[in-house]
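Take a look at the structure below.
Residue numbers start from 1 in every chain, and the chains themselves are labelled A, B, ... in the order their sequence lines are given, proteins ahead of strands.
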Amino acid sequence: MKARVEISLRPGVLDPEAQTIERSLASLGFEGVEHVRRLKVIELDLAHQDRAAAEKAVEAMCERLLANPVIETYSISIDA
Amino acid sequence: MKARVEISLRPGVLDPEAQTIERSLASLGFEGVEHVRRLKVIELDLAHQDRAAAEKAVEAMCERLLANPVIETYSISIDA
Amino acid sequence: MRAAVITFPGSNCDRDLAVAMERCFDKPVARIWHQDTDLPPLDLIGIPGGFSFGDYLRCGAIAARSPVMREVARQAARGVAVLGICNGFQVLTEAGLLPGALLRNAGLGFVCRTVAMQVATASSPFTGSFAADARIALPVAHHDGNYQIDEDGLKRLEDEDRVAFRYLENPNGSMAGIAGVLSEQRNVLGMMPHPERAIEPLLGGSDGLPLFRSLMGALA
Amino acid sequence: MTTPAITPEIVREHGLSEAEYQNILEILGREPNLVELGIFSVMWSEHCSYKSSRKHLSKLPTEAPWVVCGPGENAGVVDIGDGQVAIFKMESHNHPSFIEPYQGAATGVGGILRDVFTMGARPVALLNALRFGDPSHPKTRHLVAGVVSGIGGYGNCVGVPTVAGETTFHRAYNGNILVNAMCVGVAEADKVFYAAAAGVGNPVVYAGAKTGRDGIHGATMASAEFTEDSDAKRPTVQVGDPFTEKLLIEACLELMQKDCIVAIQDMGAAGLTSSSFEMASRGGTGIELELDRVPLREEGMVPYEVMLSESQERMLLVLKVGREDEARAVMEKWGLDFATIGHVTDTGRMVIRWHGEVAADLPIAPVSGASPVYDRPSVPTPPRLPIVGAAGSAPMDDRDALLVLLGCPDLASKRWIWEQYDHMVMGDTVQRPGGDAAVVRVHGTNKGLAVTSDCTPRYCEACPRTGGMQAVAEAWRNLIAVGAKPLAITNCLNFGNPERPEIMGQLVGAIDGMAAACRALDFPVVSGNVSLYNETEGRAVQPTPNIGGVGLIEDLGRMTGMAWQRPELALVLVGESNGWLGGSLYLREVMGREEGAPPQVDLPQERRNGDFVREVITARLVEACHDLSDGGLLVGLAEMCLASDMGASLDVPREATPSAWLFGEDQARYLLAVSPDALGDLRARARGRGVIARQVGTTGGRSLNVTGLVPISIDEMRARHEGWLPALMAGGH
Ligand SMILES: Nc1ncnc2c1ncn2[C@@H]1O[C@H](COP(=O)(O)OP(=O)(O)O)[C@@H](O)[C@H]1O
Ligand SMILES: [Mg+2]
């Protein structure tokens, strides 16, 4: 089974990297670009047979390692 | 218009971060996890009215800045 | 010797490099801002270490697209020597002036220590004063120094004798222990170690001196 | 402005007591609105007002002929000759680092940097004092990893070398780690900037990053005791941007070269509130702010949030009239936000407008000056018994004891940490981490600044007064050991809940001891920080008054380090050895006992021995020097062998109890490596000063040979010493 985790910063948390990319695009002459946001995606293959179990496992991985709940939120999708 | 760019490492380029994640998951007791891959996603808002023009602009951004063709590939999706 | 050092927002070894060059060349070194496009006549351009643009997006990526780098590319094509150290190496690969890419260190963490390495070729304006195969020790300080290149690219580098330095103790997982590479014309050098931090015994070593002496001999 | 009515509940949520609220009503003669209440709450928080400690801090000596500016400004300033000054300070970021170790530690570094460059200094060195919980506690590894990469991530990016620190572990910090950061900068003596808002009509300007909703109530959080539901406070974590900080450093230093700044102050804890109130208060002036002109990062922010935001990388300046364009040009060159947000008045009031309407109107003096001062009840820590000479039968011989000590959490090498810090950037690091004090050359000169951070919390817990004294003395000694003249200290006092008399007793005792040592050693306090309420569920940290010391080496040709270069040198032990085992690491790590009074600190002897050691180093009679502290003589000698990559022999005197002589932690001691040719001169000088200096061994070989013990090879010692922390972090313990 394949899982995909999308991790994004909680709203309001400063993202200096996105800001810098936005400014850099502007200085390269790209106009009208706004609200640059960055997300991280982690994809992985799972040995699980059961979709619900897989989802639970990935959720546990997010809580324990993949995401930093203090400043990030995540969403999981499972592809059987 | 909203654009989303997904940037992933070219096959064959090894990703120390993904490898470390895979190892850490194993050492945390998550079993059967394989092929961990990382992608970067950049989302942005565009002032463009025209979808095709928007797509072209984002493609130019990728070529010029957002992706490094030596190690990365990208895909673009536009959401009007 | 007419030398210059570029400063990008976030560069932090620009002063160190300029100071080292001034000391070794005994000549003032010009300082160039990343938005300058009008460079004075130069023999050597230094691209310093540090965290240009915070290392955001990819190390060196944003700096590589800044106005001054177009001019650096033009000058390099004309044969002016370009020395990129640490972040400067990353900038040069991102700008396409050197092949390959620098990824996150294999151990993921930042590594600051003096490491043993070998001068892999003495035939370049940067390395002529080293004994061939000399073993030297230079400080490294980076978290993205893991040099990667495709198979063909690596073969070309080796065949054309363009690996300038090779780690004896690999601190970052670089392919073939590569610590520094030369351009095809051999006038552009990118290297992760910091020769400018090794120019006096008081700072813990002077194995970086021959690099500056080589440049002095080749260019002045 | 319509704001909700102030209920007792809202007052409580703001951390203000009933009495404090009554005081506010009296000051204002009316009810405060919510913005005003928020301002009072942060200004009167422990963190900003020092209400529990102020009375006692006044006992610390703060003057010496070389002190240019003591406590009260953003950082302390001392003269280092040739028209230059060193500017430095230490600060805590304990609670944020526990909640989010990477960002907490990173923003701690950012904050302390700003305190230093805001005064006109270029930051040249960073230090960090870290106290973690038990290494086997489930959270410890995660906290160590996060804190260290946060400190490195920030310091490396701004390009200021992190050159020294301290890292220890004890279960008392399981729920409340300590992360203290120190920064040292160098400025021209005639270009020091202060933070007193002056000149009616002068513009008040904002520079740096935009303001978001970061860390609102960070200052009150830093003053509140932790509970298990502290996780709920998470959104208040600030995120740092070292890239912007680097730009801000360069922009501010560039602007300072022009003649347009009247006053400048960073926005630290309590952000715009504390910076504006403190500037007006120092200048005895008033300020009017047009708050809507503050550059904002997020939509829909309200005055309350703008005043209390702790967004990082921001500065507040008072400029000379008419110089805004010049200043704006510099800030914009570096890509930073710039806005004129108000002006200086002579009203003694802070008037804050939001789109023309008054959002707050408060008198400056009572908010910042007349915050409450508490004389909290205290009980002294009960004394413990001395343990000298024999301490009962040991479970292992002294050889194994040495190996245990070299690999114990507090003494094991911290290389794994400092190799993640760029400790060489700026090209002036003359002594890297790993020695007694790090040394950075003053750029372009042949002078050096020696820097160190010290404290032994287990001594402070056993006897706060002796512990406070010892921390100052150890910092002094570490500076002497590299050949520096100790100049002054900064400090960060980390304690538990001051409302508990026994904690208050620790604080009072430690300050007393510090004051006595500072006086005896001519080593005044020029800046500092107090962090209280370091406890979780009623369990306090060990009392931890971290001391940051700065010294001057006038001629780097007369510096020493821990490493000797050749065999056949005499090893000379300076100071008296009585075999004091109380409170020692030997007792704790080898015998499993945390007991006994800490070693006595004899200040006159400390002074005499230190002055002697500095004299003989300066006279070039010494080839290597190390002060003896944790682990005593044998650990100190082993550390020197490791630094030198060479062995030595050590002769245990017949009359001594070996274990106590080898591992006792008697104070005021140094171990010197001296050429046989210089020995006579050195002995004569010792006699002249009344200092005990006796040869105890000789350098040479590949092992450490101690009377009566099987030789211990350098490799075996190194494996123990270097192995522990990497193994811990790899998950091997
Ligand atoms: N967190 C840290 N950052 C940088 N250096 C550190 C850190 N922790 C310890 N060190 C370094 O390790 C060495 C040993 O520390 P310590 O045992 O506290 O020394 P001392 O007993 O001389 O005060 C010192 O050089 C110190 O600067
Ligand atoms: Mg010491």
Side-chain angles (χ1 to χ4, degrees), chain C residues 7-23 33-35 48-57 59 62-63 66 85-87 105 107-115 138-144 171-172 193-205 208, chain D residues 122-123 145 148-163 240-251 313 333-336 415-434 439-441 443-444 446 448 556-557 559 561 726 729-730:
Chain C
T7 299
F8 299 102
S11 294
N12 63 33
C13 302
D14 47 338
R15 185 189 79 177
D16 304 4
L17 181 56
V19 164
M21 284 181 176
E22 281 175 356
R23 224 183 125 113
W33 183 236
H34 68 120
Q35 283 164 335
F51 286 68
S52 60
F53 295 91
D55 272 3
Y56 293 141
L57 189 59
C59 302
I62 299 177
S66 60
I85 298 170
C86 199
N87 191 227
N105 292 348
L108 297 196
F110 191 94
V111 178
C112 179
R113 75 165 83 111
T114 300
V115 297
L138 294 178
V140 298
H142 58 250
H143 60 36
D144 296 79
N172 54 31
H194 286 272
E196 83 281 15
R197 296 186 183 183
I199 55 160
E200 45 180 328
L202 188 61
L203 298 180
Chain D
R122 177 168 287 281
V148 169
S149 61
I151 291 171
Y154 207 98
N156 299 345
C157 184
V158 295
V160 177
T162 303
V163 295
D241 177 12
F243 172 50
T244 295
E245 180 97 335
K246 168 67 175 167
L247 303 178
L248 197 56
I249 295 177
E250 299 305 329
E313 293 95 22
K333 169 189 162 191
W334 289 98
L336 297 165
R415 179 185 305 280
W416 184 90
I417 294 176
W418 76 64
E419 283 193 344
Q420 295 184 57
Y421 301 155
D422 189 341
H423 48 263
M424 296 184 242
V425 64
M426 296 186 88
D428 285 308
T429 304
V430 171
Q431 286 205 39
R432 300 178 188 180
V439 179
V440 290
R441 178 169 57 190
H443 192 68
N446 191 37
L556 286 173
M559 175 180 76
M729 297 313 292

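- For D/Arg415, the salt bridge (charged side-chain N to carboxylate O under 4.0 Å, His left out) partners are D/Glu419, D/Glu722, not counting sequence neighbours.
- Heavy atoms of D/Val158 lying under 4.5 Å from chain C belong exclusively to its backbone.
- Taken to the nearest 0.5 Å, the SG atom of C/Cys112 stands 4.0 Å off from the NE2 atom of D/His423.
- Note that the SG atom of D/Cys157 and the CZ atom of C/Phe110 stand 9.5 Å from one another [nearest 0.5 Å].
- Only the backbone of D/Thr429 comes within contact range of chain C, with at least one heavy atom under 4.5 Å from a heavy atom of that chain.
- C/Phe51 is listed as a side-chain neighbour of C/Asn12, based on a closest heavy-atom distance under 4.5 Å.
- Of the listed residues (C/Pro9, C/Pro139, C/Cys13), the one with the most heavy-atom contacts under 4.5 Å to chain D is C/Pro9.
- When side chains are defined from C-beta on, D/Asp241 counts as touching C/Tyr56, because their heavy atoms get closer than 4.5 Å.
- No other option in D/Gly335, D/Pro242, D/Gly159 has as many heavy-atom pairs under 4.5 Å with chain C as D/Gly159.
- Interface remark: C/Asp16 contributes side-chain atoms only to the contact with chain D (heavy atom separation under 4.5 Å).
- Residue C/Glu196 does not touch chain D at all, counting heavy-atom pairs closer than 4.5 Å.
- With sequence neighbours left out, the salt bridge (charged side-chain N to carboxylate O under 4.0 Å, His left out) criterion links D/Glu250 to D/Arg122, D/Lys246.
- Per-residue heavy-atom pair counts under 4.5 Å with chain C were compared for D/Leu247, D/Val430, D/Asn156, and the maximum is reached by D/Asn156.
- With a 4.5 angstrom heavy-atom cutoff, C/Arg15 touches chain D only via side-chain atoms.
- One finds the CG atom of C/Leu202 at 5.5 Å from the CG atom of D/Leu556 (value rounded to the nearest 0.5 Å).
- Both the backbone and the side chain of C/Phe53 come within less than 4.5 Å of a heavy atom in chain D.
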